[in-house]
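As C-alpha cells, the structure follows; a few thoughts come after it.
Hydrogens, waters and symmetry mates play no part in the numbers below; they use all other heavy atoms, side chains included.
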2 protein chains.
Amino acid sequence: MKLSTRGRYGARLMIDLAAHYGKGLVLLKDLASRQHLSAKYLDQLMLSLRRAGLVKSKRGVKGGFQLAKPPEEIRLLEVVEAVEGPLDLVDCVAHPEGCPRSRKCVTLEVWEEVGREIRQVLARRTLADLAQRQQQKEGAPF
Amino acid sequence: MKLSTRGRYGARLMIDLAAHYGKGLVLLKDLASRQHLSAKYLDQLMLSLRRAGLVKSKRGVKGGFQLAKPPEEIRLLEVVEAVEGPLDLVDCVAHPEGCPRSRKCVTLEVWEEVGREIRQVLARRTLADLAQRQQQKEGAPF
DNA sequence: CAATTTGGCTACTAATTTTGTAGACTATCA
DNA sequence: TGATAGTCTACAAAATTAGTAGCCAAATTG
C-alpha cells in the first residue's frame, strides 16, 4: 500500500517543471541533479508523462522539457496516474469480470470507495498550488 | 499502490468470522476452504490478527478461532492495518526524520492527507456492517 | 553536411517485496 | 498417550520495482 518511487519522483519532477514554467525549456540532467535522481530513470518517467500529454519536449542541442499546459491546469492526480497507472486498491475494481466473486463481494465496494477518495484528494491539488507552497517553504528559515 | 493479498484475505477472513460470531469456534481449515485460500497462509494472517487483539484462539482438539470482540466494535481499518501495517502512501510520513527533505517537502503533506482519508473510509465500516451486507448479497439471485 | 547535443525507446539486470510452504513446537482433549 | 489444532520461525518461489545500458532520432551549430 505504498506509492512507488515513480509516483514520488514524478510529483517532484512536475513541481520543479511548474516552478520553471514560462522560463523556457529545462534540461533533464538539470532536473536530475536538482532533485538528486538518476537522469536515466527520470528519462523513463518523462516518457510516461509525455505520452500522458502532461509535458512537451524538444530534442537536440537547445532541447529540454516543459509543461504541456499551465501549472494551474495540471492536477497531481494526473501526474501520479500517468506514472503509476490507475490508482485502485485492487485490480478487481477495474476488471470485476475476472473474479467470480465480484458480484457478491462486499469488500469490493469498500475498495472502490477508497479509490474514489484517494483520487479526490489528489485531484484537489494543482501543480500551481504545490509549486507556490514549495517556494514559500524554500524561503522559510528551515 | 495496490492492497496486497494480506489485506484482501484478512478482510474476507474477518467478515467470515463476524458471520459466525456467537456460534462457537471456527476451524482454520474450514475458514480456508470456505474462502478458497491456503490454510498455511491464513495461519500467518491469524498470527497478526491475534497479536493485534482482534481474534482469540484456542488450541488443541476443540480449538479454533473467534472474534475477540463483537463485530460492531471492529472496524475494517483495524483489520487491514493489522495485516498490512500502517496505511501510509510513503514511509516518510511515519519517519520524516529519515529524509533531509521532509521539512521542505510539499508532497509530504499531500501524502499525509491521502493517508488520513483512506483511514477515514476504512474506519467507517465495521465487521457487523460488512457481514450483514454480505448476507444480503448471498440471498440475492446473483 | 558532419559533429555534437539532447531526448526517445527497448531490453535487460539487480534489488526488494510479496506470496506462499515446510516443519518443528505447544496446548488441549478424549 | 495419541490425535488434533493453533504458534512460530525460516526458507523458497514468484512477482514487482528500481535502475542501467545502449542504440536510435531529431535539432542545432559551424
Contacting residues from [range], given that a heavy atom lies under 4.0 angstrom of DNA chain C:
range: residues 43-52 of chain B; value: B:Q44
range: residues 20-40 of chain B; value: B:S38, B:K40
range: residues 56-70 of chain A; value: A:S57, A:K58, A:R59, A:G60, A:V61, A:G64, A:F65

I'd like to know whether CD of A:Q135 has more than 12 heavy-atom contacts from other residues, nucleotides or ligands below 6.0 angstrom.
no
Is the CZ atom of B:R133 crowded by more than 12 outside heavy atoms at less than 6.0 Å?
no
Original post:
Does A:L47 share a hydrophobic cluster with A:V79, counting links as ILVMFWY side-chain heavy atoms below 4.5 Å and allowing steps through other members?
Top reply: no
Check [Y] with [X], please: is the shortest side-chain N to carboxylate O separation under 4.0 Å?
X: B:D16; Y: B:R34; result: yes
X: B:E84; Y: B:R8; result: no
X: B:K69; Y: B:E78; result: yes

[N], OP1 or OP2 - any side-chain N/O from [X] closer than 4.0 Å?
X: B:S4; N: C:dT19; result: yes
X: A:Y9; N: D:dG19; result: yes
X: A:T5; N: D:dA18; result: yes

Evaluate salt bridge (Lys or Arg N to Asp or Glu O under 4.0 Å) for B:R116 paired with A:E117, printing each intermediate quantity in order. CA-CA 10 Å; B:R116 277 197 299 276; A:E117 216 63 41; over 6 Å; no
